[in-house]
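This report refers to the structure that appears directly beneath it.
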Amino acid sequence: MSDPNEDFDEGLDDEFEDEIGGEGNRIVGARARAVVEYVTRQLADDPDAIDVELQDRRGEVTLLVHASPDDMGRLIGRRGRVIQALRQVTRAAGATEGVRATVDVAE
């Protein structure tokens, strides 16, 4: 029997190959950004409209998610439960890199 998380893990590992920038510097928040992009694209009806903007401020990374107006409610969820869960997962992904990461949704 195969592990259902295997496909998920393999898909994310492919995106982390670009964590090193052109000059050999690490890209801060790359793992957290990849997680946010993956989850939001899976939730959205229009995944091509998802854009995640990374803002780095003194060791703290803010990921600003831009989505189509139709997908905003789906990303936020009832009583904000989906966005809260996404923030928790993003914090965990950022912690693996030693970065404080937060998520905001652009209106």
Side-chain angles (χ1 to χ4, degrees):
M1 181 178 268
S2 67
D3 183 14
N5 292 326
E6 190 174 300
D7 292 335
F8 177 77
D9 292 340
E10 288 177 6
L12 287 179
D13 287 341
D14 293 342
E15 295 183 33
F16 296 132
E17 292 177 14
D18 294 330
E19 286 185 12
I20 307 297
E23 301 86 35
N25 297 328
R26 285 189 72 77
I27 298 173
V28 177
R31 183 173 302 244
R33 182 179 186 167
V35 168
V36 170
E37 283 183 359
Y38 180 82
V39 172
T40 54
R41 287 177 193 264
Q42 296 300 313
L43 290 171
D45 280 337
D46 185 11
D48 295 332
I50 298 291
D51 182 43
V52 179
E53 178 184 336
L54 189 137
Q55 299 172 345
D56 184 15
R57 296 182 198 153
R58 298 183 205 156
E60 185 169 322
V61 173
T62 301
L63 298 162
L64 190 58
V65 178
H66 299 273
S68 68
D70 296 335
D71 288 329
M72 296 298 275
R74 187 179 309 272
L75 294 178
I76 295 171
R78 284 194 181 139
R79 296 186 181 175
R81 290 183 181 168
V82 173
I83 192 67
Q84 294 241 347
L86 182 59
R87 286 178 178 145
Q88 284 288 89
V89 171
T90 304
R91 276 189 216 116
T96 63
E97 295 179 303
V99 175
R100 290 189 58 170
T102 59
V103 177
D104 288 327
V105 178
E107 294 185 31

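Along the sequence shown, residues carry numbers from 1.
Smallest separation of non-hydrogen atoms from A93 and A32: CB-CA, 3.9 Å. Pairing each heavy atom of H66 with each of A106, the nearest pair is ND1-CB, 3.3 Å. Closest heavy-atom contact between L54 and G29: CD1-O, 3.8 Å. R91 approaches A101 most closely through the heavy-atom pair CG-O, 3.4 Å.
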Pair D104, R87 - check salt bridge (Lys or Arg N to Asp or Glu O under 4.0 Å), show working.
CA-CA 9 Å; D104 288 327; R87 286 178 178 145; 3.7 Å; yes
What verdict does the side-chain contact (heavy atoms from CB on, under 4.5 Å) test give for T90 and T102, after you've listed the backbone C-alpha separation in whole Å, the side-chain angles of each residue and the deciding distance to 0.1 Å?
CA-CA 7 Å; T90 304; T102 59; over 6 Å; no
Is there a side-chain contact (heavy atoms from CB on, under 4.5 Å) between V89 and V35? Walk through the geometry before answering.
CA-CA 8 Å; V89 171; V35 168; 3.5 Å; yes
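Distance check, rounded to the nearest 0.5 Å: OG1 of T96 to CZ of R31 gives 4.5 Å. The CZ atom of R79 sits 12.0 Å away from the CD atom of Q84 when rounded to the nearest 0.5 Å. D46 CG to D70 CG: the interatomic distance, rounded to the nearest 0.5 Å, is 8.5 Å. The CG atom of D51 lies 7.5 Å from the CD atom of E37; values are rounded to the nearest 0.5 Å.
One finds no salt bridge joining R41 and D71 here, because no Lys/Arg side-chain nitrogen approaches an Asp/Glu carboxylate oxygen to under 4.0 Å.
Cluster membership check: L43 shares its hydrophobic cluster with L63, using side-chain heavy-atom separations under 4.5 Å among Ile, Leu, Val, Met, Phe, Trp and Tyr. In the hydrophobic clustering of ILVMFWY residues, with side-chain heavy atoms under 4.5 Å counting as a link, I83 and L64 come out apart. V52 and L75 fall within a single hydrophobic cluster, where Ile, Leu, Val, Met, Phe, Trp and Tyr side chains are chained together by heavy-atom contacts under 4.5 Å.
Put simply, the side chain of V82 does not reach to within 4.5 Å of the side chain of R74, judged on heavy atoms.
Other residues, nucleotides and ligands place no more than 12 heavy atoms under 6.0 Å from the CZ atom of R100.
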